[in-house]
Number of protein chains: 2
Amino acid sequence: MITNIPHFKKVLLTQGLKPTYQRLEILAYLEKYKIHPTAEMIYHALIRDIPTISKTTIYNTLNALIRKGIIHEITITGTETRYDYHGIPHHHFLCNQCGKIIDIDVECPYLAKKELGGHRIEELQGYFKGICKECLRSGHKAKV
Amino acid sequence: MITNIPHFKKVLLTQGLKPTYQRLEILAYLEKYKIHPTAEMIYHALIRDIPTISKTTIYNTLNALIRKGIIHEITITGTETRYDYHGIPHHHFLCNQCGKIIDIDVECPYLAKKELGGHRIEELQGYFKGICKECLRSGHKAKV
DNA sequence: GGTATGTTTGTAATCATTACAATTATGTTT
DNA sequence: AAACATAATTGTAATGATTACAAACATACC
Ligand SMILES: [Mn+2]
Ligand SMILES: [Mn+2]
Ligand SMILES: [Zn+2]
Ligand SMILES: [Zn+2]
């Protein structure tokens, strides 16, 4: 995998996490494939490079990265956790047809809010669901 | 349970669902206790009135009600589905401390949108997470 | 009463995730 | 470089939410 390993090493070390081979590969995967993968998807992708890697390590690492705020979890599907390595906060769109999860950069007036109705806001997730642009197009073609 | 059974009967019938005792009780529970309960919570509440009720019936009914658009599902916790019987669309807040899920009536400019970036929008979920008003207060008291 | 259809129920299966304990790797100290 | 303490990895078992399935039951219609 062609990636900026020194950079990921620094990211892990500054958060007090040891830059192990497994963690570096998981981070590299998340940075390269921004598809909001499941733990399962990461596992199947990495087992080629690291045949001994365990699914538990995937979960351990992802949970450690979340605790440190390096990645974020997305529960848009309701059936499994998706993982996102992407700096600035943004919303997401789930296509009910093809299952793709797409980043939505929306000028949400609440993304900056730290307080709402007396409650302290620490996190905001915006989930849109529907039919994506591509599926709309191919659905139209199918009808012709 | 003191509820408007005739009303729920009408709701079910107009959607082509038979108004069985179980379904009426589930709807009555959702309407009375607006706590966004889990299937488990509904099951434990109803088993007093209907000792023979099955957890499968709870899930069957909830899924039927969702398919008909009578109730909505909320996946804010990431670990289990919560169910909401509440007419108008609104956002939600999850307290990371006490676990409560609170309705948030926010003037979201995207709640009315049917299209976004070429994608067709059918649903929008807004999930805020943090510490609720009550927990903030008791946390403050505890420090004194 | 008989039949078709939809609903409920109990049990078993599935799937994502976590718990746990043994093994191994890592960074630091000698 | 060897020894040590600590943290990470691994495999397996357990958990928990949800669904699959088939039998029993209810309801309405002929
Ligand atoms: Mn994203
Ligand atoms: Mn609500
Ligand atoms: Zn699509
Ligand atoms: Zn609270």
Side-chain angles (χ1 to χ4, degrees), chain A residues 5 8-27 29 36-68 70-83 99 101, chain B residues 8-9 11-27 29 36-68 70-83 99 101:
Chain A
I5 293 293
F8 293 129
K9 272 195 177 152
K10 201 179 293 179
V11 168
L12 291 169
L13 284 171
T14 57
Q15 293 293 339
L17 295 172
K18 291 190 179 168
T20 65
Y21 185 34
Q22 289 86 340
R23 286 173 176 171
L24 290 168
E25 287 291 303
I26 290 169
L27 264 182
Y29 179 87
H36 313 94
T38 63
E40 185 77 21
M41 288 161 78
I42 300 170
Y43 174 73
H44 273 110
L46 293 195
I47 202 153
R48 295 174 200 173
D49 295 312
I50 319 170
T52 61
I53 202 166
S54 151
K55 213 176 279 184
T56 302
T57 297
I58 308 285
Y59 279 107
N60 285 343
T61 298
L62 291 169
N63 287 334
L65 295 174
I66 287 165
R67 250 178 279 122
K68 299 296 186 177
I70 299 168
I71 64 173
H72 295 97
E73 61 184 342
I74 296 165
T75 62
I76 194 170
T77 70
T79 57
E80 81 241 313
T81 302
R82 302 300 201 105
Y83 299 90
I101 296 174
Chain B
F8 293 129
K9 273 194 177 153
V11 168
L12 290 169
L13 284 171
T14 57
Q15 293 293 340
L17 295 172
K18 291 194 177 163
T20 65
Y21 185 32
Q22 290 86 340
R23 286 172 176 171
L24 289 168
E25 287 290 304
I26 290 169
L27 265 183
Y29 178 87
H36 313 92
T38 63
E40 184 77 21
M41 288 161 78
I42 300 170
Y43 174 72
H44 273 111
L46 293 195
I47 202 156
R48 294 174 202 175
D49 294 314
I50 319 170
T52 62
I53 202 166
S54 151
K55 214 175 279 186
T56 303
T57 298
I58 307 285
Y59 280 107
N60 284 345
T61 298
L62 291 170
N63 287 334
L65 295 175
I66 287 165
R67 248 178 280 121
K68 298 297 186 175
I70 300 169
I71 65 173
H72 295 96
E73 61 183 342
I74 297 165
T75 61
I76 194 170
T77 70
T79 57
E80 81 240 315
T81 303
R82 302 299 200 107
Y83 300 90
I101 296 175

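Numbers restart at 1 for each chain; the letters A, B, ... are given by sequence-line order, proteins then strands.
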Collect all protein-nucleotide pairs involving nucleotides 17-22 of chain D in which both atoms are nitrogen or oxygen and the distance is under 3.5 Å.
{"unit_1": "D:dT18", "atom_1": "OP1", "unit_2": "B:T81", "atom_2": "N", "d": "2.8"}
{"unit_1": "D:dT18", "atom_1": "OP1", "unit_2": "B:T81", "atom_2": "OG1", "d": "2.9"}
{"unit_1": "D:dT18", "atom_1": "OP2", "unit_2": "B:Y59", "atom_2": "OH", "d": "2.5"}
{"unit_1": "D:dT18", "atom_1": "O5'", "unit_2": "B:Y59", "atom_2": "OH", "d": "3.4"}
{"unit_1": "D:dT19", "atom_1": "OP2", "unit_2": "B:N63", "atom_2": "ND2", "d": "3.3"}
{"unit_1": "D:dA20", "atom_1": "N6", "unit_2": "B:T56", "atom_2": "OG1", "d": "3.4"}

Next on the checklist: Once salt bridge (Lys or Arg N to Asp or Glu O under 4.0 Å) is applied, do any residues pair with B:K55, and if so which ones, sequence neighbours excluded?
Outcome noted: B:E40
Checklist entry - Can you tell me how far P of C:dT8 sits from OH of B:Y43, to the nearest Å? => result 15 Å
Checklist entry - What pairs meet the salt bridge (charged side-chain N to carboxylate O under 4.0 Å, His left out) rule with one or both residues in residues 13-23 of chain B, with sequence neighbours excluded? => result none
Next on the checklist: Using whole Å, what does the distance between atom P of nucleotide C:dT7 and atom CD of B:Q15 come to?
Outcome noted: 13 Å
Item to check | Value in whole Å for how far the C1' atom of C:dT8 lies from CG of B:L62 | outcome: 14 Å
Item to check | d(CD1, A:I58; P, D:dA8) in whole Å | outcome: 15 Å
Next on the checklist: Whole angstroms only, please: what is the CD-P distance between A:E25 and D:dT9?
Outcome noted: 12 Å
Checklist entry - Which residues satisfy the salt bridge (Lys or Arg N to Asp or Glu O under 4.0 Å) test with B:R82, sequence neighbours excluded? => result B:E80
Checklist entry - Does B:L13 have any side chain to side chain contact (heavy atoms under 4.5 Å, CB included) partners at least two apart in sequence or in another chain, and if so, which? => result B:P19
Checklist entry - With both distances under 3.5 Å as the test, what is the Watson-Crick or G-U wobble partner of C:dT30? => result D:dA1
Checklist entry - In Å, rounded to the nearest 0.5 Å, how long is the span from CG of A:L12 to CG of A:L24? => result 5.5 Å
Checklist entry - Looking at B:D49, B:I53, B:I42, which one forms a side chain to side chain contact (heavy atoms under 4.5 Å, CB included) with B:E25? => result B:D49
Item to check | Contact pattern, 5' to 3', of nucleotides 21-29 of chain C - B, S or - by protein heavy atom under 4.0 Å | outcome: -----BS--
Item to check | A:I74 CD1 - C:dA16 P separation (whole Å) | outcome: 17 Å
Next on the checklist: List the residues meeting side chain to side chain contact (heavy atoms under 4.5 Å, CB included) with B:A64, not counting sequence neighbours, and say none if there are none.
Outcome noted: B:L17, B:R67
Item to check | Gap separating the OH atom of A:Y83 from the OG1 atom of A:T61, nearest 0.5 angstrom | outcome: 10.5 Å
Checklist outcome for this item: Between CG of A:L17 and P of D:dT6 the distance, given in whole Å, is 18 Å
Item to check | Rounded distance (Å) that lies between atom C1' of D:dC25 and atom CZ of B:R23 | outcome: 14 Å
Next on the checklist: Once salt bridge (charged side-chain N to carboxylate O under 4.0 Å, His left out) is applied, what residue pairs with a partner in residues 56-65 of chain A remain, sequence neighbours excluded?
Outcome noted: none
Next on the checklist: For a quick test of reading the model: is some side-chain N or O of B:S54 closer than 4.0 Å to OP1 or OP2 of C:dT8?
Outcome noted: no
